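Atoms considered below: every heavy atom in the structure, side chains included; atoms not considered: hydrogens, waters and symmetry mates. A quick note: this is a predicted structure, and the numbers were derived from the prediction, not measured.
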Amino acid sequence: MPALPDLIYVVDDDAAVLHSTRFLLESEGLRVETFADGPELLAAFPGPSPAFVLLDHVLPGLDGLEVCARLHDLDARVPVVLITGHPNPAIRARARAAGIPLVDKPLAFDALLGLLAPDAARDTARDAAPAPRPAPLPQPA
């Protein structure tokens with residue numbers, strides 16, 4: 001398996017998901033910082049630059065795509081993988097348009113490790129341009 005990034009930020013409002021994801025990633029020798037919501041994550045920038053952000057989409061306050069937009073505004077050059085337990089076509093389309101991988105919960109650990117491998121993230125590498133701002137959801141008429 002290719003080398004994995006050193007520092008991973010995990011953002012989820014579900015404490016059980018944070019705990020289990022942290023445990024699994026740390027069992028692979030990775031350093032992990034966890035955050036319960038988007039504003040908590042955003043407050044960590046600038047700071048130690050993570051190699052990756054694993055970001056839940058459904059969060060209190062700002063959703064995952066809004067957090068991605070804020071990271072873009074901060075010029076944070078960090079790859080993001082969006083996770084969701086509530087996939088729908090609109091979220092998938094917005095994530096795809098922004099170039100952000102979307103993974104369904106429950107997380108398949110081997111698939112997650114594959115996404116975190118540097119070769120899988122080459123298009124969103126830290127030294128690349130920040131991802132485009134995700135488009136807003138269409139408003140109901």
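- Between A95 and L102, the closest heavy-atom pair is CB-CB, 4.3 Å.
- A donor-acceptor pair under 3.5 Å is absent between the side-chain atoms of D56 and the main chain of L59, judged by distance alone.
- Taking 4.5 Å as the limit, every side-chain heavy atom of I83 sits out of range of all side-chain heavy atoms of H57.
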Test side chain to side chain contact (heavy atoms under 4.5 Å, CB included) on L7 and L30; report intermediate values, then the result. CA-CA 6 Å; L7 176 61; L30 300 169; over 6 Å; no
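- Follow the hydrophobic side-chain contacts under 4.5 Å out from L62 and you never reach V58; the two are in separate clusters.
- Interatomic distance, CD1 of I8 versus CZ of F52, reported as 7.0 Å (0.5 Å rounding).
- For the residue pair E40 and T34, the shortest heavy atom distance occurs at OE2-O, 3.9 Å.
- Within the model, atoms CG of N88 and NE2 of H86 stand 10.5 Å from one another, a figure rounded to the nearest 0.5 Å.
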Could you walk me through whether D63 and R94 pass side chain to side chain contact (heavy atoms under 4.5 Å, CB included), step by step? CA-CA 12 Å; D63 71 30; R94 288 179 61 213; 4.2 Å; yes
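- Here the OG atom belonging to S27 is positioned 4.5 Å from the CZ atom belonging to F109, to the nearest 0.5 angstrom.
- Residues D12 and T21 have side chains not in contact (no heavy-atom distance under 4.5 Å, counting atoms from C-beta outward).
- Side-chain contact between L41 and D37: absent, with no pair of heavy atoms (C-beta onward) separated by less than 4.5 Å.
- Separation of the F35 and Y9 ring centroids falls under the 6.0 Å cut-off.
- In this structure, the side-chain hydrogen bond (donor to acceptor under 3.5 Å, both in side chains) partners of D104, at least two apart in sequence or on a different chain, are R92.
- Cluster annotation: L82 and V17 are assigned to distinct hydrophobic clusters (Ile/Leu/Val/Met/Phe/Trp/Tyr, side-chain heavy-atom contacts under 4.5 Å, transitive).
- Smallest separation of non-hydrogen atoms from C68 and I100: SG-CD1, 3.6 Å.
- Within the 4.5 Å cutoff, the side chain of V32 has no heavy atoms near those of the F23 side chain.
- A heavy-atom distance below 4.5 Å is found between the side chains of L54 and V81.
- Rounded to the nearest 0.5 Å, atoms CD (E26) and CD (E28) are 11.5 Å apart.
- Looking at V53 and V11, their side chains come closer than 4.5 Å, going by heavy atoms from C-beta outward.
- Residues passing the side-chain contact (heavy atoms from CB on, under 4.5 Å) test with P106: none are found, sequence neighbours excluded.
- We find that K105 and D14 are not joined by a salt bridge, their nearest charged nitrogen and carboxylate oxygen being 4.0 Å or further apart.
- Judged as a side-chain contact (heavy atoms from CB on, under 4.5 Å), and not counting sequence neighbours, the contacts of L74 are L42, F45.
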